[in-house]
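Some notes on the structure that comes next.
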Amino acid sequence: MTVRAVARGVGHYLPEKVVPNAEFEKTLDTSDEWIRTRTGIERRHFAAPGETTSQMAEKAARRALEDAGLKPGDIDGIVLATSTPDLTFPSAATMVQAALGMQRGFAFDVQAVCAGFIYALATANAHILCGQAERLLVIGAETFSRILDWEDRSTCVLFGDGAGALVLEAAEGEGTPDDRGILSVDLNSDGRFRDMLYVDGGVSTGTTGKLRMQGNPLFRQAVEKLATTAHTALERAGLRPEDVDWIVPHQANLRIIKATAQRMNVPMDHVIVTVQDHGNTSAASIPLALSVGVRNGQIKRGDLLVTEAIGGGLAWGSVVLRW
Ligand code: UT7
């Protein structure tokens with residue numbers, strides 16, 4: 001018998017305020033048409049004044065727990081992916097732990113920007129496989145609206161806020177690719193690319209800073225690296241692209257999503273796409289897409305999923321799991 005980390009529940013939260021592309025036409029030299037055709041984005045949600053990453057994460061976590069039929073006390077720990085925590089420290093994860101009323105277990109943040117949820121899943125999986133925990137909440141939550149430069153049309157139209165959460169639980173499998181749960185992981189980073197996507201503030205500057213991105217070079221890196229990491233993870237699981245029921249990609253740009261699917265030879269009707277409604281929510285984008293895909297009846301128990309993401313660092317990776 002092999003231990004597997006199996007998804008038992010999923011949930012998400014999106015802030016109430018929805019901002020359509022046309023809103024940016026009022027203040028910037030941009031258009032709904034440019035944003036739609038270059039990115040696939042039509043609208044995004046922005047957090048209300050004072051609404052924080054940990055508050056959104058808590059709401060998503062409660063929905064995932066409800067979906068799993070579990071209570072906060074049933075959980076052994078929280079792994080939360082974010083690059084926009086409420087404060088420099090303590091972690092947003094410990095804030096969620098307190099808000100859920102959890103009095104035991106561990107909680108910590110993982111920071112791998114847009115690849116954060118992949119890293120968080122991989123970390124939670126490792127804790128479950130080594131027997132450190134039986135049930136974990138894995139959350140991706142972001143308020144990127146707080147680090148956008150509203151005068152930079154090449155970045156501020158791309159991002160949104162939100163949170164998604166997954167309950168992972170230890171279960172026994174046969175050790176074959178037919179098992180439910182996480183089947184393989186591929187993680188990568190290359191710090192030489194730091195200037196491609198970064199925030200120009202932090203502890204060293206005494207400011208929060210704003211997001212800076214070289215969009216076009218990053219686009220080219222993304223298309224190449226995402227297909228490669230997905231192939232590597234599939235191979236590690238003993239599976240092939242034709243076995244994939246759903247690609248659940250990071251939602252940065254519809255053109256990147258399409259190009260990656262094409263390189264993997266997976267048709268677009270096997271790809272979960274939410275970028276039109278959420279924009280790029282960084283570490284929240286994959287759990288949001290998972291939750292929406294399950295709610296819509298697209299993702300079903302037993303389906304083979306490949307998740308993949310790339311972001312600042314650069315950091316990128318892929319997780320293969322059977323739902
Ligand atoms: O989540 C982390 C990973 N992030 C990504 O993977 C993002 C990757 N990059 C992208 O998605 C795309 O590169 C962008 C959507 C950011 C940009 O699309 P692009 O096709 O690479 O455009 P570009 O940067 O080459 O710019 C083309 C033109 C430029 O004008 P000129 O120099 O050709 O006159 C830009 O100034 O589009 C212009 N432009 C805009 N025009 C209207 C850039 N932003 C805008 C805008 N509205 N909002």
Side-chain angles (χ1 to χ4, degrees), residues 4-7 10 12 57 60 64 78-84 92-93 108-129 136-142 144 162-168 181-191 193 197 218 221-237 239 244 246-253 256-257 260-261 264 271-272 274-275 278 280-291 293 299 304-323:
R4 298 283 194 193
V6 174
V10 65
H12 72 271
I78 300 174
V79 185
L80 192 156
T82 189
S83 300
T84 47
F108 61 92
D109 289 357
V110 166
Q111 206 269 58
V113 201
C114 298
F117 194 74
I118 299 283
Y119 274 68
L121 264 185
T123 305
N125 182 48
H127 278 284
I128 287 176
L129 296 196
L136 293 175
L137 264 169
V138 191
I139 308 173
E142 303 278 17
F144 262 49
L166 200 64
V167 177
L168 276 185
I182 293 179
L183 300 175
S184 66
V185 169
D186 180 56
L187 297 182
N188 310 270
S189 63
D190 189 339
F193 290 106
L197 177 53
L218 178 54
Q221 290 293 331
V223 170
E224 179 216 312
K225 290 185 163 47
L226 290 173
T228 306
T229 183
H231 271 297
T232 304
L234 275 172
E235 235 171 68
R236 251 172 224 164
L239 292 161
V244 174
W246 296 104
I247 300 179
V248 187
H250 171 49
Q251 311 279 325
N253 186 318
I256 296 175
I257 294 172
T260 306
M264 289 178 66
V271 183
I272 304 288
T274 55
V275 69
H278 303 163
N280 182 347
T281 57
S282 191
S285 90
I286 288 176
L288 274 166
L290 278 172
S291 183
I299 299 171
L304 186 78
L305 315 187
V306 180
T307 62
E308 30 89 346
I310 185 166
L314 294 179
W316 69 101
S318 179
V319 170
V320 172
L321 74 156
R322 194 173 294 285
W323 193 253

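All values derive from a computational prediction rather than experimental measurement.
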Item to check | Leu218: which of Leu197, Val223, Asn253 passes side-chain contact (heavy atoms from CB on, under 4.5 Å) | outcome: Leu197
On a heavy-atom basis, which atom in [X] and which in [Y] lie closest, and how many Å separate them?
X	Y	result
Ala141	Ala163	CB-CB, 3.7 Å
Ala81	Ala283	O-CB, 3.6 Å
His231	Met264	NE2-CA, 3.9 Å
Ile78	Ala93	CD1-O, 4.0 Å
Val138	Ala124	CG2-CB, 3.5 Å
Ala222	Ile310	CB-CG2, 3.7 Å

Quick one: pull up [atom1] in [X] and [atom2] in [Y] and give me the separation to the nearest 0.5 Å.
X	Y	atom1	atom2	result
Leu314	Lys225	CG	NZ	6.5 Å
Phe117	Ile139	CZ	CD1	9.0 Å
Leu187	Trp316	CG	CH2	10.5 Å
Leu137	Leu168	CG	CG	9.0 Å
Ile128	Arg4	CD1	CZ	12.5 Å
Ile272	Ile257	CD1	CD1	11.0 Å

Checklist entry - Ile299 and Val248: side chain to side chain contact (heavy atoms under 4.5 Å, CB included), yes or no, with the steps? => result CA-CA 10 Å; Ile299 299 171; Val248 187; 4.3 Å; yes
Would you say that [X] contacts [Y] through its side chain, given a criterion of any heavy-atom pair below 4.5 Å between the two side chains?
X	Y	value
Pro249	Val271	yes
Thr232	Ser318	no
Val79	Phe108	yes

Next on the checklist: Test side chain to side chain contact (heavy atoms under 4.5 Å, CB included) on Leu304 and Leu183; report intermediate values, then the result.
Outcome noted: CA-CA 10 Å; Leu304 186 78; Leu183 300 175; 3.8 Å; yes
Checklist entry - Between the side chains of Asp186 and Thr229, does any donor sit under 3.5 Å from an acceptor? => result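 A donor-acceptor contact under 3.5 Å links the two side chains.
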Checklist entry - Can you list every side-chain hydrogen bond (donor to acceptor under 3.5 Å, both in side chains) pair that touches residues 280-291, not counting sequence neighbours? => result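 Of all non-adjacent pairs touching residues 280-291, those that pass side-chain hydrogen bond (donor to acceptor under 3.5 Å, both in side chains) are His12-Ser291, Glu142-Ser282, His250-Asn280, His250-Ser285.
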Item to check | Full working for side chain to side chain contact (heavy atoms under 4.5 Å, CB included) between Ile247 and Thr260 | outcome: CA-CA 10 Å; Ile247 300 179; Thr260 306; 5.8 Å; no
